[in-house]
Chemist: 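Take this structure first; my questions come after.
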Number of protein chains: 2
Amino acid sequence: MVRQHRTGYILRAMDMTRRDIHSLDIPVLCKSCEVRHKGMCGALPPEDLQYLSRQTRQIEQPAGTELVGESTDVGAYDNVMCGVVKLSKTLEDGRQQIIGLQFAPDLVGRLYASESPMTAEAASDVTVCRVPKATLERLIERNPSLRKRLMDQALRELDEARDWMVTLGRKTAAEKVASLLLLIATHLDPDAPGEARVFDLPISRLDIADYLGLTIETVSRQFSRLKSDGIITITANRHIEIVNLERLAKRCG
Amino acid sequence: MVRQHRTGYILRAMDMTRRDIHSLDIPVLCKSCEVRHKGMCGALPPEDLQYLSRQTRQIEQPAGTELVGESTDVGAYDNVMCGVVKLSKTLEDGRQQIIGLQFAPDLVGRLYASESPMTAEAASDVTVCRVPKATLERLIERNPSLRKRLMDQALRELDEARDWMVTLGRKTAAEKVASLLLLIATHLDPDAPGEARVFDLPISRLDIADYLGLTIETVSRQFSRLKSDGIITITANRHIEIVNLERLAKRCG
DNA sequence: GCGCTGCCTTGATCAAGATCAAGCCGGATG
DNA sequence: CATCCGGCTTGATCTTGATCAAGGCAGCGC
């Protein structure tokens, strides 16, 4: 499934026309996604953009593919184009915790570390642009705006991780599930402001449980309660409509 | 209480002598701390170091002092010299979660944000060097090594936050308490490699509970169990000796 | 000395969420 | 079509940690 993107304002922000983009001889497959990739890399000058494009491969990964394993060497960064990537850690006895979800246009991969401190896995079908480690680091070196952008992503992820620590440590199961629904509603479509009211859950119940520090049974029961309380509707297991956004937000603690 | 610091290797790393440091006319009060402040700021050239020193005030804060409030404007960053600063968030109904502890020589304060996303509070008596926001940002602007250092701190804090999410989401109370003891043992003395075996807990039982997402009663019971199992000894409520480090580590899950 | 306060511990009981178990549903496969 | 399988839901029961309650202990002011 290829999602539609509204790209006009990104082009304007970059002071480029669509023709400029296409003239760069970029080996991308997914036309609707290519602009986002460059959006991520911000105001790179044309020569850097060309260099980046030559080094980049766009890859479609089915749900469940492991992008980077915990404690394995990282050879490349993945720029998320469509879909959701989950970051997780596993204790020795198999208990798993998802420690972050990444949406377009996040960059997957721990900068400046030779070993990934966590597993990155496609939670839904995803499309990524894969940039070799050396390429990106070289671009960072000579490109202040890219550097700033990555610093901003790191700080934003830190804020999000700390927000989620409150959810994990202090919220009830009902509040956790409500918080997750709002999180997904706000992140799913980066082009739309505010929360989506209708969307498909990009991740399984097990992933939700692992993100919230709960069991799938508890997650399922909380969904059922939200449904019977008339706050959401669920069809085909994954398709959510938020009927009463206000009451959902109130349940977030 | 002023802790003793071994400073020789820091000076060597900076290619400076103690005389160089003292010649800079730095308005610091705590002689044993000033070197650490510069350690944080890395290889700043002498003129930047002088500029920084002129703009900096060293402050002693008793335990409980609020350094920055949640959602308040931030006018300055605090460089931790001695003691422990806790970062926390509070839900509307008062539930609190500590989302990070900062030890020397961490820099307290969210870069590039006008409003602090969290509360920063002295968990123990602390000494900080307070740097005005504009000063630090100006130094970052023209100083690649400082920039890199702050990026590294942000990424390290992100790693730590994500590690802690596993603790919050998936560990039992016993594992949480064991993990905390190890965390404190490894962070308390930044000059010593490995874990301290004997130390004073720098934070109260309530703070521990708020960091672990537990209640004080549960924390207290877990301490009692570690004691009766012969893994630690506790005297005067705060003074800890780790008798059996291996078994403690095994309890971390 | 006495009582007060803040911080911590311990015990009894309760409830949220985990665990165990069964069954449902939709899609794939023969 | 029947069967299977993975993902999800629902119910019954159990366990962990929360809650409620009481008391210990060190420091401090009178």
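Lettering of chains follows the sequences in order, A, B, ..., and the numbering in each one begins at 1.
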Chemist: Kindly write out the residues that satisfy salt bridge (Lys or Arg N to Asp or Glu O under 4.0 Å) with B:D229, not counting sequence neighbours, or none if the list is empty.
Modeler: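 Applying salt bridge (Lys or Arg N to Asp or Glu O under 4.0 Å) to B:D229 gives B:R251.
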Chemist: If the condition is salt bridge (Lys or Arg N to Asp or Glu O under 4.0 Å), which residues does B:R130 pass it with, not counting sequence neighbours?
Modeler: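 In terms of salt bridge (Lys or Arg N to Asp or Glu O under 4.0 Å), with neighbours along the sequence ignored, B:R130 is linked to B:D78.
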Chemist: Can you list everything that forms a salt bridge (Lys or Arg N to Asp or Glu O under 4.0 Å) with B:R221? Sequence neighbours excluded, please.
Modeler: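 Partners of B:R221 by the salt bridge (Lys or Arg N to Asp or Glu O under 4.0 Å) criterion come out as none, since no residue qualifies.
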Chemist: Sugar-phosphate atoms are those with a prime plus P, OP1 and OP2; base atoms are the rest. Using that split, label each nucleotide of nucleotides 8-21 of chain C B, S or - for protein heavy atoms under 4.0 Å, 5' to 3'.
Modeler: SBBBB----SSBB-
Chemist: Please round to 10 degrees the angle between the axis of the first five pairs and the axis of the last five pairs in the helix from C:dG1-D:dC30 to C:dG30-D:dC1.
Modeler: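 Both end axes considered, the difference amounts to 20°.
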Chemist: Taking only residues two or more places apart in sequence, or in another chain, which ones meet A:E157 in a side-chain hydrogen bond (donor to acceptor under 3.5 Å, both in side chains)?
Modeler: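 With sequence neighbours excluded, A:E157 shows a side-chain hydrogen bond (donor to acceptor under 3.5 Å, both in side chains) to A:Q102, A:Q153, B:R162, given in chain and number order.
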Chemist: Which atom pairs, donor and acceptor, lie under 3.5 Å between side-chain atoms of residues 230-238 of chain A and protein residues at least two apart or in another chain?
Modeler:
residue : atom : partner : partner atom : Å
A:R238  : NH1  : A:L201  : O            : 3.2

Chemist: Suppose we screen for salt bridge (Lys or Arg N to Asp or Glu O under 4.0 Å). Which residues come up paired with A:R156, at least two apart in sequence or across chains?
Modeler: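 Result, salt bridge (Lys or Arg N to Asp or Glu O under 4.0 Å) vs A:R156: A:D106, A:E160.
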Chemist: ring-ring contact (aromatic ring centres under 6.0 Å, His included) with B:Y77: which residues, sequence neighbours excluded?
Modeler: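 Scan of B:Y77 (ring-ring contact (aromatic ring centres under 6.0 Å, His included), adjacent residues dropped) gives none.
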